[in-house]
Amino acid sequence: METVALVSSYDKEDMASTKVLHSCTILTHRIITNRLHILFHFTVTLLLLYYRISHFFNGNSLPALSWALITISELIFTFIWCLTQAFRWRPLSRTVSIDEIPANMNLEGLDVFVCTADPRKEPTMEVMNTIISALALDYPPEKLAVYLSDDGGSYITLYALKEAFAFSKRWLPFCMKYRIKTRCPEAFFSLAKYEELSITDEFSAKKDELEMKYNLFKRNVEKICEDASNYVVFDRPAHAEIIHGDTYMDDNENDEESTKMPLLVYVSRERRPSKPHRFKAGALNALLRVSEKFSNGPYLLVLDCDMYCNDPTSARQAMCFHLDPQMSPSLAFVQFPQMFYNISKNDIYDNQARSAYRIKWQGMDGIRGPSLSGTGFYLKRKALYGSPNCEDKHPSEAQRTSGELMKFSSEEEIAILKEAKLLASCNYERNTKWGEEARFSYESLLESTFTGYLLHCRGWTSVYLCPIRPCFLGCTTIDMKDALVQLVKWSSGLLQIGLSRFSPLSYGVSRMSILQSMCYGYFIYQPLYAIAFLIYGIIPQLCFLNGIPLYPKVLSPWFVVFSTVYLSAIGQQLHEVLSDGGTTLTWWNEQRIWVIKSVSGSCFGCLDLFMKWSGIKKTTFRLTNKAVDKDKLEKYEKGEFDFQGATMFMIPLSALAILNMACFIGGLGGIILRRNYEEMFGQIFLSLFIMALSYPMIQ
């Protein structure tokens, strides 16, 4: 491994100081291993395709349609595999040294954006814990502002936000006094051990008092939720409200020393059934405009409503890159991994996304940086308005560039809130370029992924940082239905990009490196796995039933080629899992859920896109359910699949499982009669493998 230290220089009041703020480690051993494997696997894959194509044109007795279809599926697998290798070309990892940031450094403003839409699917207390943890970031409070976008327009959320701020006035001084790292109240009070704190009588008494206040706050919010008759208002005007605008707390309200508090603003943009809603991208763009009038922080932190700040130093970690004068001019954002606190030991749904955050994002970091992941990223505001070489400032940058919070008189506050409501109205974006190739894009429901793609196309770079202590923790899906609903949205949105003028194989490759285009190509064309798996789940089985071989004889040299391709692909993934601290069970769970999701979620994602294109269905946004059901949680922790409510998604899976079993039983009798074991061995193995993958459905 080769470690490169990156040095940053600062000129503060004519005093120059040089600090090493971050370093990157080029994973040389992994690079060599990956490139050798790419060469080997690509060679044997070419031999496999040569066998398929040459036998198709030369084999007179072959079933032409079946052979053509199986060849198409193998071409799809090869195409996506080729795109995947870009992630393995130059992986690297990064570390930061936040202690090297000068104590007197004048940090620039930071605006935190949190979006929520429905208290029924996004529990209000989870949202409030995210807000409180954001308010408690280790960052100058006069430079920190937190904005909550409530797309449900719910009085429950507004009430809870006011209660959350009232509690945070006691909570923040406690965190700062005792140097608490876990600043999400729900997570802190659930700890078995309170970090590495020295437990004193004073601490215990204060902790007990705060826990009592938190439980009261929680009960009040939950009671409002239980008594609510209307959770979401679908036809409403815009509303903006400053929950806290004075950066100092009232000394009379707290027996602690006077403590500074960040700005906290509530925004509910206008919503009309007859007007375009633009979903999360529209909410983020509304927050962009509104925040320019209050704080205008040069940097943004975007969080999912259930993704709380687990490490208060995350902002300073990100600033180790943004403050680097050599890196900063072209650096758009710093991306942290999405990690979850409720992942079970078995992780049957692969919610940890090990392959993405331990392999793919590190690989992209070696070729100009990862894509936006929807949450947990520190973004330069200026990047949303132009290219790195663009000298033009965004519309409001001339007003305030430091992010210093402004103080308003009562009259000024009324006027600015009125303007904020206008900025959050439906008509504001009419005949403007909001949501096109600048700001958060409206071209895809996956606004963050596509916006990150456009940023890279314009010449911006990004950085991936995966510290030992997770900076952000969220709540993941714990049943098949919610996992597949999420995947349908992703698959449809990604493939929509791939079939538009923004395809990374045409638009992207002319604006970024080939390797970076390949990475985005993998994300965007990954739903095509559904077609390949469906073919592989139908054609070989029907041919097996009729005694038609599709693979070479066991003793044929060509059988070695097919076996080598399979073992090479399996071996590479197994090696990555084991070298990352995983087990063979981890590998098997990843294999199984990959096939299940491809055949179900990706398949319905492709169908969803076709229905939108044909006009059968309108574009809708499916909000992922983040409310945890105790029975489902118990089942998930036991490692049992929960298909409740996912009947529609299970149709292709169940059909393939039944077809495979029926064809296997029927075909086995024919093999015994014909005694052509050598010819049919490949299909026997494939059927047994599919049975093993289908076991949860069979149960």
Side-chain angles (χ1 to χ4, degrees), residues 112-137 146-175 180 182-191 206-233 236 239-244 249 253-254 261-268 283 303-310 341-342 375 472-475 478 623-630 632-633:
V112 183
F113 291 172
V114 180
C115 298
T116 186
D118 189 339
R120 292 165 298 185
K121 293 188 175 182
E122 298 171 331
T124 305
M125 279 307 301
E126 284 194 9
V127 180
M128 294 307 113
N129 272 277
T130 299
I131 293 293
I132 293 169
S133 69
L135 290 169
L137 282 171
V146 179
Y147 297 84
L148 176 64
S149 169
D150 177 17
D151 257 7
S154 175
Y155 68 91
I156 298 172
T157 305
L158 181 55
Y159 165 81
L161 189 62
K162 294 176 180 178
E163 291 291 302
F165 180 75
F167 172 76
S168 69
K169 291 193 291 186
R170 307 293 193 277
W171 175 247
L172 265 64
F174 172 75
C175 291
I180 306 295
T182 304
R183 298 189 179 182
C184 166
E186 184 71 30
F188 177 78
F189 293 127
S190 301
L191 291 173
K206 193 66 179 176
K207 190 270 296 181
D208 292 341
E209 177 190 347
L210 277 170
E211 188 170 9
M212 184 176 64
K213 290 182 181 296
Y214 175 73
N215 288 332
L216 177 61
F217 156 48
K218 188 176 180 179
R219 283 196 302 271
N220 290 341
V221 172
E222 289 176 348
K223 187 176 187 306
I224 289 288
C225 293
E226 290 171 4
D227 297 340
S229 58
N230 190 10
Y231 288 90
V232 177
V233 182
R236 62 176 190 269
H239 180 68
E241 188 170 331
I242 300 174
I243 307 301
H244 177 72
M249 281 170 39
E253 291 185 3
N254 201 327
M261 297 290 287
L263 174 70
L264 180 60
V265 177
Y266 170 89
V267 178
S268 175
L303 294 174
D304 280 349
C305 63
D306 65 324
M307 188 70 64
Y308 68 82
C309 302
N310 186 57
Y341 59 81
N342 63 332
T375 183
F472 305 99
L473 285 175
C475 179
I478 58 172
L623 190 64
T624 304
N625 185 19
K626 294 167 184 174
V628 177
D629 181 274
K630 290 183 179 179
K632 290 184 177 183
L633 180 60

Name all residues meeting the side-chain hydrogen bond (donor to acceptor under 3.5 Å, both in side chains) criterion together with [X]; count only those two or more places apart in sequence or in a different chain, and write none if there are none.
X      : value
Lys630 : none
Asp208 : none
Thr116 : Glu122
Ser154 : none

Partners passing side chain to side chain contact (heavy atoms under 4.5 Å, CB included) against [X] (at least two apart in sequence or in another chain):
X      : result
Thr130 : Val114, Leu303, Tyr308
Ala166 : none
Asn342 : Phe340, Cys475, Thr476, Ile478
Glu186 : Asn129, Cys184, Ser190, Tyr214, Lys218

[atom1] of [X] to [atom2] of [Y]: how many Å apart, nearest 0.5 Å?
X      : Y      : atom1 : atom2 : result
Ile243 : Tyr266 : CD1   : OH    : 8.5 Å
Tyr147 : Leu264 : OH    : CG    : 10.0 Å
Phe188 : Asn310 : CZ    : CG    : 12.5 Å
Phe174 : Leu210 : CZ    : CG    : 5.5 Å
Cys309 : Leu473 : SG    : CG    : 10.0 Å
Leu172 : Leu137 : CG    : CG    : 9.5 Å

> Does Asp150 have any salt bridge (Lys or Arg N to Asp or Glu O under 4.0 Å) partners at least two apart in sequence or in another chain, and if so, which?
Replying inline: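 Asp150: no salt bridge (Lys or Arg N to Asp or Glu O under 4.0 Å) contacts found.
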> In chain order, what residues pass the salt bridge (Lys or Arg N to Asp or Glu O under 4.0 Å) check against Lys162, with sequence neighbours excluded?
Replying inline: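 Only Glu241 meet the salt bridge (Lys or Arg N to Asp or Glu O under 4.0 Å) criterion with Lys162.
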> Hey, are the side chains of Val232 and Pro119 touching, using non-hydrogen atoms and a 4.5 Å cut-off?
Replying inline: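 A side-chain contact exists here, since the closest heavy-atom pair is under 4.5 Å.
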> Quick one: are Met128 and Phe167 in side-chain contact, heavy atoms under 4.5 Å?
Replying inline: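 Answer no - side chains too far apart.
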>> On a heavy-atom basis, which atom in Met261 and which in Ser168 lie closest, and how many Å separate them?
In response: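 The pair with the smallest heavy-atom distance is CE-OG, 3.5 Å.
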> Which atom pair, heavy atoms only, marks the closest approach of Lys207 to Phe189?
Replying inline: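 Distance-wise, the nearest heavy atoms are O-CE2, 3.9 Å.
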> After noting the C-alpha distance and the side-chain angles of Leu263 and Ile242, does the key distance pass the side-chain contact (heavy atoms from CB on, under 4.5 Å) rule?
Replying inline: CA-CA 8 Å; Leu263 174 70; Ile242 300 174; 4.1 Å; yes
>> Applying side-chain contact (heavy atoms from CB on, under 4.5 Å) to Ile224 and Tyr155, what does each step give before you reach the verdict?
In response: CA-CA 9 Å; Ile224 289 288; Tyr155 68 91; 4.2 Å; yes
>> Given 3.5 Å as the limit, does a donor-acceptor pair link the side chain of Trp171 with the main chain of Arg183, or not?
In response: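 A pair under 3.5 Å: yes.
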>> Could you walk me through whether Lys213 and Leu216 satisfy the side-chain contact (heavy atoms from CB on, under 4.5 Å) test, starting with their C-alpha distance in whole Å, then the side-chain angles of each, then the deciding distance to 0.1 Å, before giving a yes or no?
In response: CA-CA 5 Å; Lys213 290 182 181 296; Leu216 177 61; 5.6 Å; no
